[in-house]
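Structure, as structure tokens:
All figures in this text were calculated on a predicted structure; none of them were measured in a lab.
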Amino acid sequence: MKKDYYVYIVTNKSKTLYAGFTNNLIRRVDEHKQKKKQGFTRKYNINKLVYYEVTSDVNAAISREKQIKGLLRAKKIALSESMNPEWCDLSAKWYEK
């Protein structure tokens with residue numbers, strides 16, 4: 001069975017950026033929104049999904065996450081804006097009733 005892996009960027013109102021990797025994007029974004037885990041994203045209220053990529057290769061996802069984490073802030077912003085120039089929360093529609 002094919003499994004998908006996601007590399008993503010989340011942000012907050014101040015546009016503080018966090019890059020991560022997961023095998024379940026909906027669950028992971030929800031964890032950020034609900035502040036379920038201690039750490040950087042909880043401390044800075046980082047819970048708005050602004051960018052993601054999907055691959056079926058776990059090693060490619062891990063490598064890509066490391067690559068994105070190593071980028072300068074300006075490059076991370078450009079990457080996010082390539083998919084999402086308005087900085088909309090890409091997960092917002094998941095929570096609509």
For Y52, is the OH atom crowded, meaning more than 12 foreign heavy atoms sit under 6.0 Å from it?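 Check fails, neighbour count at 12 or below.
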Looking at residues at least two apart in the chain, or sitting in another chain, which of them share a salt bridge (charged side-chain N to carboxylate O under 4.0 Å, His left out) with K75?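 For K75 there are no salt bridge (charged side-chain N to carboxylate O under 4.0 Å, His left out) partners, ignoring immediate neighbours.
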Pairing donors with acceptors under 3.5 angstrom, does anything connect the side chains of S91 and D89?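 The answer is yes; a qualifying pair exists.
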Evaluate the criterion side-chain contact (heavy atoms from CB on, under 4.5 Å) for residue pair L79 and I68; output intermediate values, then yes/no.
-> CA-CA 9 Å; L79 183 62; I68 290 172; 3.8 Å; yes
Quiz prompt | ring pair (Phe, Tyr, Trp, His ring centres under 6.0 Å) partners of Y18, counting only residues at least two apart | solution =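 Per chain and number, Y18 pairs via ring pair (Phe, Tyr, Trp, His ring centres under 6.0 Å) with H32.
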Tell me whether [X] shares a hydrophobic cluster with [Y], the cluster being built from Ile, Leu, Val, Met, Phe, Trp, Tyr side chains joined at under 4.5 Å.
{"X": "I62", "Y": "V7", "result": "no"}
{"X": "Y6", "Y": "F21", "result": "no"}
{"X": "L17", "Y": "M83", "result": "yes"}

- [ ] Check each of N59, V54, N23 against Y5 using the side chain to side chain contact (heavy atoms under 4.5 Å, CB included) test, and report the only one that passes.
- [x]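 For Y5, the side chain to side chain contact (heavy atoms under 4.5 Å, CB included) test succeeds with only one of N59, V54, N23, which is N23.
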Determine the sole option in S80, C88, S82 for which the side chain to side chain contact (heavy atoms under 4.5 Å, CB included) test with N84 is passed.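 Result for side chain to side chain contact (heavy atoms under 4.5 Å, CB included) with N84: C88.
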- Query: Is there a donor-acceptor pair under 3.5 Å between the side chain of K69 and the backbone N or O of A19?
  - Reply: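 Pair found, side chain donor or acceptor close to backbone of A19.
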Interatomic distance, [X] atom [atom1] to [Y] atom [atom2] [nearest 0.5 angstrom]:
{"X": "L90", "Y": "K48", "atom1": "CG", "atom2": "NZ", "value": "9.0 Å"}
{"X": "K35", "Y": "R42", "atom1": "NZ", "atom2": "CZ", "value": "8.5 Å"}
{"X": "N12", "Y": "T41", "atom1": "CG", "atom2": "OG1", "value": "10.0 Å"}
{"X": "K3", "Y": "D57", "atom1": "NZ", "atom2": "CG", "value": "14.0 Å"}

For [X] and [Y], which heavy atoms make the closest approach, and how far apart are they?
{"X": "K76", "Y": "I9", "value": "O-CD1, 4.2 Å"}
{"X": "G20", "Y": "E65", "value": "CA-OE2, 3.5 Å"}
{"X": "V10", "Y": "L49", "value": "CG1-CA, 3.8 Å"}
{"X": "T22", "Y": "R27", "value": "OG1-NH2, 3.3 Å"}

Evaluate the side-chain hydrogen bond (donor to acceptor under 3.5 Å, both in side chains) criterion for residues N45 and K13: first the C-alpha distance (whole Å), next the side-chain angles of each, then the deciding distance (0.1 Å), finally the verdict.
CA-CA 9 Å; N45 195 33; K13 290 179 184 172; over 6 Å; no
*Show the numbers, then the answer: is there a side-chain contact (heavy atoms from CB on, under 4.5 Å) between E53 and R64?*
CA-CA 9 Å; E53 299 175 7; R64 182 65 171 146; 2.9 Å; yes
Check: Any ion pair linking D30 and R28 (charged N to carboxylate O, less than 4.0 Å)?
Finding: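 Salt bridge: no.
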- Message: Determine whether W87 and E81 satisfy the following criterion, side-chain contact (heavy atoms from CB on, under 4.5 Å), listing intermediate values before the conclusion.
- Response: CA-CA 7 Å; W87 287 73; E81 289 180 347; 2.8 Å; yes
side-chain contact (heavy atoms from CB on, under 4.5 Å) between I77 and Y51, intermediate numbers included: CA-CA 10 Å; I77 289 170; Y51 178 84; over 6 Å; no
